[in-house]
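All remarks here apply to the structure that follows.
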Amino acid sequence: MKLPITMIVNGETWPLDVEPNEVLLDVIRNRVGAKGAKIGCERGDCGTCTVLFDGRSIRSCLMLAVEADGHEIITVEGIPENGVLSNLQDLFISHNSFQCGFCAPGIVLGAHELLRDNPNPSRHDVQHALAGNLCRCTGYEPILDAVMAAAEEARS
Amino acid sequence: MAIAHQFAYQKVATLDEAVEAITRAGPDARILAGGTDLVPWLRDDAIHPDLVVDIKAIDGLNTISLEGDHIFLGPLVTFSDLLTSDLVHDHLPILFEMADTVASPGIRNRATVIGNICSAVPSCDAGPTLLVLDTSVAVLGPAGARTVPIEEWFLGPHKTALAGGEIVTGLSIPIPPPPHGAIYLKLQRYQGEDLSQAGVTVLVTGDNDFRVAFGAVGPIPARAHAVEETLNGRELTDELIAAAVGLVPGAISPITDMRATKEYRARICEVMLERGLPAAVARRDGTGPAYGTRLI
């Protein structure tokens, strides 16, 4: 039986009817059309489906869509302001942090959350925060470099 | 991959309503809190509930509070909540250390401590630590409220003392009298999104009362009473550590799986106890590594 829910995705209100067994990730991608959240392992291991749920990173593959009723979701599409990439995103580009880019949405959101909560992270803090986001292209170092650079620029 | 199994979803406003709903629906009903185990099990077709009861709309279930000489954790307390709680830092920093090893922020922001012990996976991180702390599990069911000591909680992989229609309403964790020191050592293949290959929590009090529990090396996380009896009341020396380590094989029953062989698990448990005992004592005495420092 379909259940009516309302969720806010990247600032837009989305009233939807969802089945109890619909997964949040699928609804965000297929119904809302925010394809930034990627379908990876679908068991919480890889981090590429990460979204911010009421401001905190969660695995959207591990949530039912009905659980999002009344809550606010930010996908990677919601990070730029007025179409302008965040400084963190610019630094990911200038550091060549990503190659195929499949992990990028999760890493952008995870790093965004980290820098918001801890503006002065050590390299270990960044590793720890992104430990659940798998990347198979660039070997992580240029990702860590970009996050550290973003933290440094925010402080200066 | 979508979830193929169809089920009804009910959001409840009170714990009594939750008990009523799962009692009525029978043994195939499931409680949904963080969902980080429930959703993949549904996707894998490992469970087939007729009804999923979401308790996240119930007010006040994410409480961490100090009640006399106990810390109380509500059913919606997540691992991230343990990491940011001043009460946890001040009174039971071992809970912080344990929570810091669980998965990654995206899981910790959602996964609940009580969900962890209800799933009762042999490698569950909360198990050994709640065991050494002599935690009481508060349960509510059709026949009323009762309390289950954590040592009687785990019955087997995915099996707990929870009876039909019952839900867990909180954990009451006695704060050991200060000074105490504790450590949770967790071996993973890599530091990130991995389950425990083997884990041990050691707790020591001011009068050298030792408590030791292992995880991921038996069907359930379990206290190592023979190890504790050898240690209790004695000053920790190299000889005493060796004697305790000698009892490890009798305290665990590891298996071989994709994460490690039973031989490796058995050996690493000895190494972890050898390192964990002096580290717990050093923490008690104020000279140990900060909580959260990885020794393995």
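Hydrogens, waters and symmetry mates are skipped; everything else that's a heavy atom, side chains included, is used. By convention in this document, chain letters (A, B, ...) are assigned in the order of the sequence lines, proteins followed by strands, and residues within each chain are numbered from 1. What you are looking at is a predicted structure, and each value in this text was computed from that prediction instead of being measured.
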For this session: Measure the spacing between OG of B/Ser104 and CG of A/Asp45 and express it to the nearest 0.5 Å.
Result: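 Output value for this atom pair is 9.0 Å.
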Exercise. Looking at NZ of B/Lys56 and CG of A/Asp69, how far apart are the two atoms once the value is rounded to the nearest 0.5 Å?
Worked result: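 Separation between the atoms: 11.5 Å.
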Among [options], which residue has the highest count of heavy-atom pairs closer than 4.5 Å to chain B?
options: A/Cys61, A/Gly70, A/Gly106, A/Gly47; answer: A/Cys61
options: A/His128, A/Glu22, A/Arg43; answer: A/His128
options: A/Leu52, A/Val51, A/Thr50, A/Leu64; answer: A/Leu64

Chain A interface, residue from [options] that has the most non-hydrogen pairs under 4.5 Å:
options: B/Ala4, B/Gly34, B/Pro105; value: B/Pro105
options: B/Leu32, B/Asp194, B/Asn109; value: B/Asn109
options: B/Leu42, B/Ile107, B/Asp54; value: B/Ile107

Considering all heavy atoms of both residues, which atom of [X] and which atom of [Y] are nearest to each other, and what is their separation?
X: A/Asn21; Y: B/Ile3; result: ND2-O, 3.1 Å
X: B/Val39; Y: A/Leu62; result: CG2-O, 3.3 Å
X: B/Arg110; Y: A/Phe53; result: NH1-CE2, 3.5 Å

For this session: Flag the pair A/Val18 / B/Tyr9 as yes when at least one side-chain heavy-atom distance between them is below 4.5 Å, and no otherwise.
Result: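 Sidechains of B/Tyr9 and A/Val18: no contact.
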For this session: With the side chain counted from C-beta on, respond yes when A/Arg59 and B/Thr36 share a heavy-atom pair under 4.5 Å apart, and no when they do not.
Result: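 Sidechains of B/Thr36 and A/Arg59: no contact.
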Region of [X] in contact with chain B, defined by heavy-atom distances below 4.5 Å:
X: A/Met63; result: both
X: A/Val23; result: side chain
X: A/Leu3; result: side chain

Problem set entry | Steps toward side-chain contact (heavy atoms from CB on, under 4.5 Å) verdict (B/Gln6, A/Glu19) | CA-CA 9 Å; B/Gln6 304 270 344; A/Glu19 293 285 352; 4.2 Å; yes
Can you confirm whether [X] is buried at [atom1], in the sense that more than 12 heavy atoms of other residues, nucleotides or ligands lie under 6.0 Å from that atom?
X: B/Arg259; atom1: CZ; answer: yes
X: B/Lys159; atom1: NZ; answer: no
X: B/Asp45; atom1: CG; answer: yes
X: A/Glu153; atom1: CD; answer: yes

Problem set entry | Region of B/Ala57 in contact with chain A, defined by heavy-atom distances below 4.5 Å |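 For B/Ala57, there is no contact with chain A at all, as no heavy atom is under 4.5 Å.
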Exercise. Between the side chain of B/Arg43 and the main-chain N/O of A/Glu42, is any donor-acceptor distance below 3.5 Å?
Worked result: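 Checking the backbone N and O of A/Glu42 against the side chain of B/Arg43, a donor-acceptor pair under 3.5 Å is found.
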Exercise. Where along residues 92-103 of chain B does a heavy atom come under 4.5 Å of chain A, listed by residue number?
Worked result: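 Expected list: B/Asp100.
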